[in-house]
Amino acid sequence: MKQLLMLLLGLLLTGAACAHGGEDHGDGAQAGTAAGATSFSVAALSEQFEVLLRYEPLEGGQPADLRLFLSDYATNAPIKGAKLTLTTPEDANLKWIVTEQEPGVYLVEGQFPANKTYSFTANIVAGDKADLLLLEGIKVGEKLPVAATAPAVATSLFSSWKTILALVGAFVLGIGLTALLMRRRRTTAPVSTSSPAVYENHA
C-alpha cells in the first residue's frame with residue numbers, strides 16, 4: 001500500500017518538474033524581450049563614435065524612416081550637431097536625408113527599391129572628430145518574429161497544465177482506490193469462532 005502511494009506521489013512531482021523544464025530564468029529574459037521587440041537594430045563603433053540604427057519593418061519601394069543614434073565612444077554621451085552623410089554600397093544612386101531630431105538622435109529618410117539586405121556607409125563629422133563607419137545587415141522585407149513565437153508559447157503552457165491536472169487526478173484516484181481496498185479488507189477479515197466443548201457424562 002505504501003509503495004502505491006509513493007509511486008503516485010513520485011509521478012506527481014515528476015510532472016510538475018517537467019512542466020517547469022521549459023522556463024528560462026536569468027539570462028532567458030533577454031530572449032523574451034528580443035522576441036517581443038517592435039523594431040530591428042544594427043550597430044557599429046570605432047575609436048571615435050558609436051552608432052545604433054533602429055528601424056521598424058521595411059518594405060521595398062515604400063518610404064523608409066529610420067532612427068540613427070550617435071554617441072561618443074569613450075563617454076557614451078550623445079553627440080549633437082554632427083554632419084552625417086549616408087550612402088548605400090549596394091546602390092550608389094539612393095539618396096538619404098538626415099535630420100537631427102534631438103541631441104544624438106537623427107531621422108534618416110529615403111527609400112529602398114527592393115526586399116533584400118542593404119548597408120549604410122556613414123561619413124560622420126562632429127567638431128574636430130571625423131570617421132567612416134559601415135552599418136551592415138539592414139534587412140528590407142523581413143518580418144518581426146512575434147507572430148511565429150506567440151502560439152507556440154500558448155500551446156506549451158496549455159499542455160503543461162493538462163499534464164499537471166492529469167497527474168493530480170491520477171493521484172486522487174489512487175488514494176480513493178487505496179481507501180476502498182483497505183475498507184474491503186476490514187469487512188472481509190476472517191472471524192474466528194469457537195464451538196463449545198461437549199463433555200459426556202459416563203456416570
Side-chain angles (χ1 to χ4, degrees), residues 19-157 160:
H20 291 279
E23 295 182 0
D24 195 358
H25 302 278
D27 293 339
Q30 299 178 359
T33 303
T38 58
S39 63
F40 297 98
S41 63
V42 294
L45 54 85
S46 68
E47 295 181 354
Q48 303 288 339
F49 306 111
E50 184 173 353
V51 177
L52 175 65
L53 184 71
R54 289 188 181 276
Y55 59 94
E56 295 180 354
L58 302 170
E59 287 293 333
Q62 300 295 325
D65 295 337
L66 307 92
R67 298 290 187 278
L68 188 149
F69 300 85
L70 179 63
S71 59
D72 183 90
Y73 175 75
T75 63
N76 203 34
I79 297 177
K80 63 179 181 179
K83 181 181 179 181
L84 296 171
T85 304
L86 299 180
T87 56
T88 307
E90 293 80 9
D91 190 342
N93 295 321
L94 298 182
K95 303 298 181 182
W96 301 97
I97 300 174
V98 182
T99 307
E100 185 174 10
Q101 291 188 312
E102 57 185 275
V105 181
Y106 298 80
L107 173 65
V108 180
E109 297 176 286
Q111 182 173 302
F112 294 101
N115 288 339
K116 65 177 188 178
T117 302
Y118 291 89
S119 57
F120 278 151
T121 299
N123 186 9
I124 307 171
V125 178
D128 59 350
K129 297 181 180 180
D131 213 335
L132 192 67
L133 282 80
L134 180 63
L135 290 161
E136 297 180 289
I138 304 170
K139 299 179 180 180
V140 179
E142 182 164 333
K143 306 298 182 183
L144 292 168
V146 176
T149 56
V153 173
T155 301
S156 175
L157 290 175
S160 298

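Numbers for residues simply follow the sequence, beginning at 1.
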- Query: Near Y73 OH, under 6.0 Å, is it more than 12 heavy atoms from other residues, nucleotides or ligands?
  - Reply: no
- Message: Less than 4.5 Å apart, side chain to side chain, heavy atoms only: is that true for F120 and T88?
- Response: yes
- Here the side chain to side chain donor-acceptor pair (under 3.5 Å) pairs for residues 97-111, sequence neighbours left out, are R67-Q101
Sequence neighbours left out, cut at 3.5 Å: what donor-acceptor pairs do the side chains of residues 128-143 make with other protein atoms?
residue, atom, partner, partner atom, Å
K129, NZ, D72, OD1, 2.8
D131, OD2, S46, OG, 2.6
K143, NZ, E59, OE2, 2.6

- Message: Does any part of the side chain of L94, heavy atoms only, come nearer than 4.5 Å to the side chain of P113, both counted from C-beta?
- Response: yes
- Query: Taking only residues two or more places apart in sequence or in another chain, which ones pass side-chain hydrogen bond (donor to acceptor under 3.5 Å, both in side chains) with R54?
  - Reply: none
- Note on the structure: Interatomic distance, CG@N115 vs CD@Q62, rounded to 0.5 Å, equals 9.5 Å
- Please report the closest heavy-atom contact between S71 and N76, naming both atoms and the distance. OG-OD1, 3.6 Å
- Are the side chains of L66 and L58 in touch, meaning some heavy atoms are under 4.5 Å apart? yes
- Task: List the steps, then state whether side-chain contact (heavy atoms from CB on, under 4.5 Å) holds for I124 with L70.
- Result: CA-CA 9 Å; I124 307 171; L70 179 63; 3.9 Å; yes
- Query: Where do L86 and W96 come nearest, in terms of heavy atoms and distance?
  - Reply: O-CD1, 3.8 Å
- Nearest non-hydrogen partners of P78 and G104, listed with the distance: CB-CA, 3.9 Å
- Check S41 against Y55 and note the closest heavy-atom contact, atom names and distance. N-CE2, 4.5 Å
